[in-house]
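Residue numbers count from 1 along this sequence.
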Amino acid sequence: MRSLEQILRGAIALKASDILFSAGVPVAYRVHGKYGYIDSEKLTADDSGAYVHEILGDELFERLKAEKEIDTSIRINGYNFRVGAFTHMGSYAASLRVLSNKIRSFEELELPQSLADLCNYSSGLILITGATGSGKSTTMAAMLDYINSTKNGHIITIEDPIEYVYESKHSIVTQKEVGRDTLSFKKSLRAVLREDPDVIAIGEMRDPETISAAITCAETGHLVISTLDTSSVSGTVARIIDAFDSSLQAQIRTQLSMTLRGVISQRLIPAAVGTGRVVAYEYAPFTPALRALIRTGKNHMIAGQIQLGSGEGMISLQRCIDRLVAEGKITPEAAEIYGK
């Protein structure tokens, strides 16, 4: 059986995004979106349990026994990994996301440079959306690094778990991990306004309480950046509003229309050449026209407004995908599959 260090080094060498340890199958790497086994030796329940124990250490492994599933982050041999440990058919399993040590720029990620304009706001709400594994954390890291490099202030991140570690540059960066530095997103967001932040990064808005607190922070003169698992700009607005009781939705629409600075909704598509993936996105800096649609409950008209708003910096998903096909970065077949 391979050592944990050999497995991790192999994943990094192959540029795997994820590693899966689970009883009944060999250790698997996800490379460019697809899983493959590293060898033919299937893990027993004892094997997978031993790997998970080594990954977590004694204290977290005892917590896993009690709670059955935990999320955390670890650093091994200079590399960071996001860990989801859980039980599977009575045995222990874990999925590790390999986190890059290098924070890439908007240009390196091939994201719109106008994201920098959003980062230059002193207040408001910026949302990065997409399915799990679509690169939301990488985009957030690029935005925070841009702010850290260009603005003087205090950036506070609230994450579950911490993925990228930031070195303070022009700004001071404070990072809080749920479970280690704070009990919950909700509790941390209640306290964060007393911790003198200029920018607040929330790993994920998971519930109405967190969404409401994020909007309040944006209303009170702070720039808030967060993520949601939604696939479009209009879907993001609908998800936020629908998270609340119908008696509160009119209030949330009004607050959102005043605080939302922009949304980028992204997905990763297999590259036409090589084995990598290319980011495609729908992007909308929020204009008075979009704010009016939110305020009046006309979410269904947002997609059409984005298609018409190229002169105001808006980019529809279809236009982005068409450009990627024209540049030879993705195939027409991939565009058809992933553009839906």
Side-chain angles (χ1 to χ4, degrees), residues 15 17 30-34 100 103-120 125-143 146 225-240 260-294 298-340:
K15 297 183 179 179
S17 62
R30 186 192 291 273
V31 180
H32 305 307
K34 296 182 179 180
S100 173
I103 298 174
R104 290 180 285 172
S105 66
F106 301 139
E107 184 176 26
E108 289 173 307
L109 295 170
E110 299 190 46
L111 293 169
Q113 288 296 312
S114 52
L115 282 178
D117 296 332
L118 298 184
C119 295
N120 287 327
L125 179 63
I126 301 170
L127 295 175
I128 305 158
T129 78
T132 300
S134 61
K136 298 189 295 294
S137 297
T138 302
T139 298
M140 178 183 280
M143 298 181 83
Y146 173 85
I225 305 173
S226 190
T227 72
L228 274 174
D229 290 339
T230 51
S231 60
S232 66
V233 175
S234 61
T236 299
V237 173
R239 170 74 66 84
I240 291 173
L260 198 55
R261 297 296 189 186
V263 177
I264 182 165
S265 182
Q266 56 191 57
R267 60 190 65 183
L268 295 176
I269 301 178
V273 179
T275 54
R277 291 185 290 174
V278 177
V279 65
Y281 50 81
E282 180 177 67
Y283 172 62
F286 266 65
T287 61
L290 286 179
R291 295 181 190 284
L293 293 179
I294 295 177
K298 298 176 181 176
N299 300 342
H300 61 285
M301 297 178 67
I302 289 176
Q305 185 64 40
I306 292 172
Q307 289 180 346
L308 298 172
S310 59
E312 297 174 288
M314 300 182 196
I315 304 170
S316 69
L317 177 64
Q318 189 59 56
R319 188 154 68 90
C320 181
I321 287 178
D322 288 346
R323 174 180 60 79
L324 293 174
V325 171
E327 293 174 353
K329 293 180 178 178
I330 63 173
T331 64
E333 293 75 17
E336 176 68 22
I337 295 170
Y338 290 89
K340 296 178 180 178

Chemist: With sequence neighbours excluded, tell me which residues meet salt bridge (Lys or Arg N to Asp or Glu O under 4.0 Å) with Glu312.
Modeler: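 Listed in chain order: nothing, the list is empty.
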Chemist: Look up atom CD1 in Ile306 and atom OG in Ser232, then write down how far apart they are to the nearest 0.5 Å.
Modeler: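 So the CD1 of Ile306 and the OG of Ser232 are separated by 8.0 Å.
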Chemist: Could you work out, with salt bridge (Lys or Arg N to Asp or Glu O under 4.0 Å) as the rule, every residue matching Arg277, not counting sequence neighbours?
Modeler: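 Not a single residue meets the salt bridge (Lys or Arg N to Asp or Glu O under 4.0 Å) criterion with Arg277.
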Chemist: Partners of Ala116 by side chain to side chain contact (heavy atoms under 4.5 Å, CB included), sequence neighbours excluded?
Modeler: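 Side chain to side chain contact (heavy atoms under 4.5 Å, CB included) list for Ala116, sorted by chain: Phe106, Tyr146.
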Chemist: Which heavy atom of Leu109 sits nearest a heavy atom of Val279, and at what distance?
Modeler: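 Scanning both residues completely, I find the closest heavy atoms to be O-CG1, 3.2 Å.
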Chemist: Carefully, step by step, assess Thr129 and Ser231 under the rule side-chain contact (heavy atoms from CB on, under 4.5 Å).
Modeler: CA-CA 6 Å; Thr129 78; Ser231 60; over 6 Å; no
Chemist: If you take all heavy atoms of Pro285 and Leu290, which pair is closest and at what distance?
Modeler: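 Looking at all heavy atoms of both residues, the shortest contact is O-CD1, 3.8 Å.
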Chemist: When rounded to the nearest 0.5 angstrom, what distance separates CD in Gln305 from OG in Ser234?
Modeler: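 With rounding to 0.5 Å, CD (Gln305) is 12.5 Å from OG (Ser234).
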Chemist: What's the spacing between Asp117 CG and Arg261 CZ if we round to 0.5 Å?
Modeler: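 Asp117 CG to Arg261 CZ: 12.0 Å, rounded to 0.5 Å.
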Chemist: In a table with atom names and distances, give each donor-acceptor pair under 3.5 Å that connects a side chain of residues 316-324 to protein atoms at least two apart or in another chain.
Modeler:
residue	atom	partner	partner atom	Å
Ser316	OG	Arg319	N	3.1
Gln318	NE2	Asp322	OD1	2.8
Arg319	NH2	Met314	O	2.6
Arg323	NH1	Glu327	OE1	3.2

Chemist: Which heavy atom of Ile330 sits nearest a heavy atom of Ile269, and at what distance?
Modeler: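 Looking at all heavy atoms of both residues, the closest pair is CG2-CG2, 3.8 Å.
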Chemist: Who passes side chain to side chain contact (heavy atoms under 4.5 Å, CB included) against Pro112, sequence neighbours left out?
Modeler: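 Side chain to side chain contact (heavy atoms under 4.5 Å, CB included) check on Pro112 returns Ser114, Leu115, Ile264, Tyr281, Tyr283, Ile315.
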Chemist: Report the residues that fulfil side chain to side chain contact (heavy atoms under 4.5 Å, CB included) with Ala271, sequence neighbours left out, ordered by chain and then residue number.
Modeler: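 If we apply the side chain to side chain contact (heavy atoms under 4.5 Å, CB included) test to Ala271, skipping adjacent residues, the hits are Val278.
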Chemist: Could you list the residues that satisfy side chain to side chain contact (heavy atoms under 4.5 Å, CB included) with Ala292, not counting sequence neighbours?
Modeler: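 Per chain and number, Ala292 pairs via side chain to side chain contact (heavy atoms under 4.5 Å, CB included) with Arg295.
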Chemist: Does a sphere of radius 6.0 Å around CD in Gln113 hold more than 12 heavy atoms from other residues, nucleotides or ligands, not counting ones at 6.0 Å or beyond?
Modeler: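 For Gln113, atom CD is crowded (more than 12 foreign heavy atoms under 6.0 Å).
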Chemist: According to salt bridge (charged side-chain N to carboxylate O under 4.0 Å, His left out), does anything in residues 132-143 pair up with another residue at least two apart or in another chain? List the pairs.
Modeler: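 Every salt bridge (charged side-chain N to carboxylate O under 4.0 Å, His left out) pair that includes a residue of residues 132-143, provided the two are not neighbours, is Lys136-Asp229.
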Chemist: Whether the side chain of Arg239 engages the backbone of Leu228 through a donor-acceptor N/O pair (distance < 3.5 Å, no angle test) should be reported.
Modeler: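 No, because the side chain of Arg239 does not come within donor-acceptor range (under 3.5 Å) of the backbone of Leu228.
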Chemist: Restricting to side chain to side chain donor-acceptor pair (under 3.5 Å), what partner residues turn up for Thr227, sequence neighbours left out?
Modeler: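 Side chain to side chain donor-acceptor pair (under 3.5 Å) check on Thr227 returns nothing, list empty.
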Chemist: Which distance, rounded to the nearest 0.5 Å, do you find between the CG of Leu127 and the CE of Met140?
Modeler: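 Rounded to the nearest 0.5 Å, the CG-CE separation comes to 9.0 Å.
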Chemist: About how many Å separate CE of Met143 and SG of Cys119, when rounded to the nearest 0.5 Å?
Modeler: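 One finds 3.5 Å between SG of Cys119 and CE of Met143.
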Chemist: Looking only at heavy atoms, which two atoms of Ile225 and Ile128 are closest? And how far apart?
Modeler: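 Looks like CG2-CD1, 4.0 Å.
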Chemist: For Leu268 and Gly133, which heavy atoms make the closest approach, and how far apart are they?
Modeler: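 Minimum heavy-atom contact is CD1-O, 3.4 Å.
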Chemist: Please name all residues satisfying side chain to side chain donor-acceptor pair (under 3.5 Å) with Thr139, sequence neighbours left out, ordered by chain then number.
Modeler: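 Scan of Thr139 (side chain to side chain donor-acceptor pair (under 3.5 Å), adjacent residues dropped) gives Gln266.
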Chemist: Mind listing the closest non-hydrogen atom pair of Ser105 and Ala142 along with its distance?
Modeler: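 That would be C-CB, 4.5 Å.
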Chemist: One pair to check against side-chain contact (heavy atoms from CB on, under 4.5 Å): Ile240 and Leu260. What are the steps and the verdict?
Modeler: CA-CA 11 Å; Ile240 291 173; Leu260 198 55; 5.8 Å; no
Chemist: Run the salt bridge (Lys or Arg N to Asp or Glu O under 4.0 Å) test against Arg291 and tell me which residues pass, sequence neighbours left out.
Modeler: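 Salt bridge (Lys or Arg N to Asp or Glu O under 4.0 Å) list for Arg291, sorted by chain: empty.
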Chemist: Can you sort out the partners of Ser137 under side chain to side chain donor-acceptor pair (under 3.5 Å), two or more places apart, ordered by chain and number?
Modeler: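 Listed in chain order: Glu163.
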